[in-house]
Amino acid sequence: MNATVTDFHYGAVTPIAAYLMAVLGSALGLRCTVRSLRREQRGRKAGWLFLGAVSLGCGIWTMHFIAMTGFSVDGAAVEYDTLLSLAVAIAVTALGVFLVGYRGSTAPVLAAAGVLMGLGVAAMHYLGMAAMRVHGSIHYDATAVALSVLIAVAAATAALWAAATIQGLWPSLGASLVMGIAVTGMHYTGMASVSVHLEGAADSTSHSSIGMLSFLLSMIAGPVVVLIVASAIVMFDPALVLGEDGPSTPSRAGTRTTPSPAAPADRIPEPEGFRPSR
């Protein structure tokens with residue numbers, strides 16, 4: 001028996017909250033990558049890139065599971081049993097961010113990093129779906145799955161390009177809003193491919209059971225704390241506070257100024273009665 005499924009069991013609350021988490025993760029990932037481009041020391045560069053990858057990965061993963069709280073299968077309880085998708089989300093975003101951070105933003109690098117990162121994000125989504133238990137079989141429409149993967153690749157490539165080229169605060173925030181639409185759109189496109197065939201009689205368990213909802217919220221709590229800490233680090237970064245965006249430039253105090261040509265030295269007074277020969 002094919003069950004009726006919906007992604008909006010709680011109305012607009014879950015897609016809006018999921019979108020905001022995707023925007024937050026994207027904004028932090030972009031800002032951290034921009035900061036890494038201003039650092040001369042290799043250690044600090046790696047630190048900013050790592051923070052950006054963790055922020056972006058946690059944002060995407062949190063978006064996924066907030067959106068999944070609105071997923072309902074009529075007549076069946078929904079359960080989850082793994083956190084593997086979180087590790088995948090962080091790993092693939094780190095791969096893409098570090099590749100662009102150390103290899104530059106040339107077209108071949110962006111294409112390779114975008115494909116790897118996009119495929120990884122799609123893998124995170126479908127790993128999360130594989131962790132779902134509905135006491136039945138889950139089927140996917142191949143066309144919608146392929147479209148969701150293409151959206152993931154395009155979103156990842158755009159994110160990496162923006163991180164490497166967009167320097168200002170407000171342009172970065174604008175790019176984050178667009179990235180949030182792309183990432184959330186990828187999720188709901190993938191969910192549109194889902195159909196569920198229940199085995200046996202329908203279960204009367206309500207989707208909105210307190211136990212299931214509290215489990216999902218406890219899963220989300222850790223990544224949300226990580227995003228809050230990353231937000232504090234980025235907000236209190238001196239360069240952001242002072243509005244010093246863009247690529248690193250030498251400070252005025254440390255800039256060498258080219259000395260003006262020296263004035264001719266004063267002539268030594270000629271001895272009295274001395275006349276130069278002509």
Side-chain angles (χ1 to χ4, degrees), residues 7-33 35 47-72 78-94 96-97 117 120-121 123-129 131-132 152 155-156 159 163 172-173 175-188 190-191 207-237 240:
D7 292 304
F8 308 102
H9 184 79
Y10 298 109
V13 173
T14 48
I16 291 175
Y19 169 73
L20 292 177
M21 295 309 299
V23 170
L24 177 60
S26 299
L28 291 173
L30 292 178
R31 293 307 303 168
C32 289
T33 305
R35 300 306 305 130
W48 280 109
L49 290 174
F50 178 74
L51 182 61
V54 170
S55 300
L56 187 55
C58 286
I60 294 172
W61 188 86
T62 305
M63 174 278 302
H64 169 76
F65 271 94
I66 287 178
M68 288 306 298
T69 60
F71 180 71
S72 172
V78 182
E79 301 173 352
Y80 295 89
D81 63 2
T82 184
L83 292 174
L84 177 61
S85 57
L86 175 59
V88 172
I90 294 176
V92 297
T93 51
V97 167
M117 186 170 162
V121 170
M124 177 277 299
H125 172 82
Y126 289 105
L127 275 174
M129 293 299 298
M132 187 171 63
S172 293
L173 293 179
S176 302
L177 296 176
V178 176
M179 276 299 304
I181 294 174
V183 172
T184 309
M186 177 275 297
H187 171 84
Y188 284 106
M191 295 306 296
H207 167 82
S208 59
S209 65
I210 300 300
M212 181 60 198
L213 193 57
S214 62
F215 171 72
L216 285 174
L217 292 177
S218 65
M219 291 176 66
I220 294 169
V224 168
V225 170
V226 171
L227 290 174
I228 293 173
V229 172
S231 299
I233 294 173
V234 171
M235 287 177 61
F236 290 101
D237 178 63
L240 182 60

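In this text, all values refer to a predicted model and were calculated from it rather than measured experimentally. Values below: all heavy atoms of this structure, side chains included; hydrogens, waters and symmetry mates excluded. The residues of the chain are indexed from 1 along the displayed sequence.
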Problem set entry | Heavy-atom check, side chain of Phe71 versus side chain of Met191, under 4.5 Å | yes
Exercise. Would you say the side chains of Trp48 and Thr33 form a donor-acceptor pair under 3.5 Å?
Worked result: no
Seminar exercise, completed: Taking every heavy atom of Gly25 against every heavy atom of Leu227, the minimum-distance pair comes out as CA-CD2, 4.4 Å
Exercise. For Cys32, which of Val97, Leu49, Val234 qualifies under side chain to side chain contact (heavy atoms under 4.5 Å, CB included)?
Worked result: Val234
Problem set entry | Thr93 (side chain) donor-acceptor with Ile90 (main chain) under 3.5 angstrom | yes
Exercise. Quick one: CD1 on Ile228 to CD1 on Ile233, what's the gap to the nearest 0.5 Å?
Worked result: 12.5 Å
Problem set entry | Minimum heavy-atom distance Ala27-Ser176, with the two atoms named | CA-OG, 3.0 Å
Problem set entry | Flag side-chain contact, heavy atom, 4.5 Å: Met68 against Thr14 | no
Exercise. Considering all heavy atoms of both residues, which atom of Gly128 and which atom of His64 are nearest to each other, and what is their separation?
Worked result: CA-NE2, 3.9 Å
For this session: Determine whether more than 12 heavy atoms belonging to other residues, nucleotides or ligands lie under 6.0 Å from atom CZ of Phe50.
Result: no
For this session: List the steps, then state whether side chain to side chain contact (heavy atoms under 4.5 Å, CB included) holds for Leu56 with Leu28.
Result: CA-CA 7 Å; Leu56 187 55; Leu28 291 173; over 6 Å; no
For this session: State, to 0.1 Å, how close Met179 and Ala155 come at their nearest heavy-atom pair, and which atoms those are.
Result: SD-O, 3.2 Å
For this session: Might you point out which heavy atoms bring Ala94 and Ala53 nearest each other, and give the distance in Å?
Result: CA-CB, 3.3 Å
Exercise. What is the ring orientation for His125 with His187, classed by angle as parallel under 30°, tilted 30 to 60°, or perpendicular over 60°?
Worked result: perpendicular
For this session: Side-chain contact test, heavy atoms from C-beta onward, threshold under 4.5 Å: evaluate it for Phe65 versus Ser85 and give yes or no.
Result: yes
Exercise. Between Tyr188 and Phe8, does the ring centre distance come in under 6.0 Å?
Worked result: yes
Exercise. If we only count heavy atoms from C-beta on, is the Met124 to Leu127 side-chain gap below 4.5 Å?
Worked result: no
Problem set entry | Donor-acceptor contact below 3.5 Å, side chain Tyr19 vs main chain Leu177 | yes
Problem set entry | Atom of Ala18, atom of Met63 and distance for their closest heavy-atom approach | O-CG, 3.2 Å
Problem set entry | Point-to-point distance, once rounded to the nearest 0.5 Å, from CZ of Arg31 to OG of Ser55 | 12.5 Å
Exercise. Should Thr184 and Pro15 count as side-chain neighbours, where that means a heavy-atom distance under 4.5 Å?
Worked result: no
Exercise. Do Thr62 side-chain atoms and Gly59 backbone N/O form a donor-acceptor pair below 3.5 Å?
Worked result: no
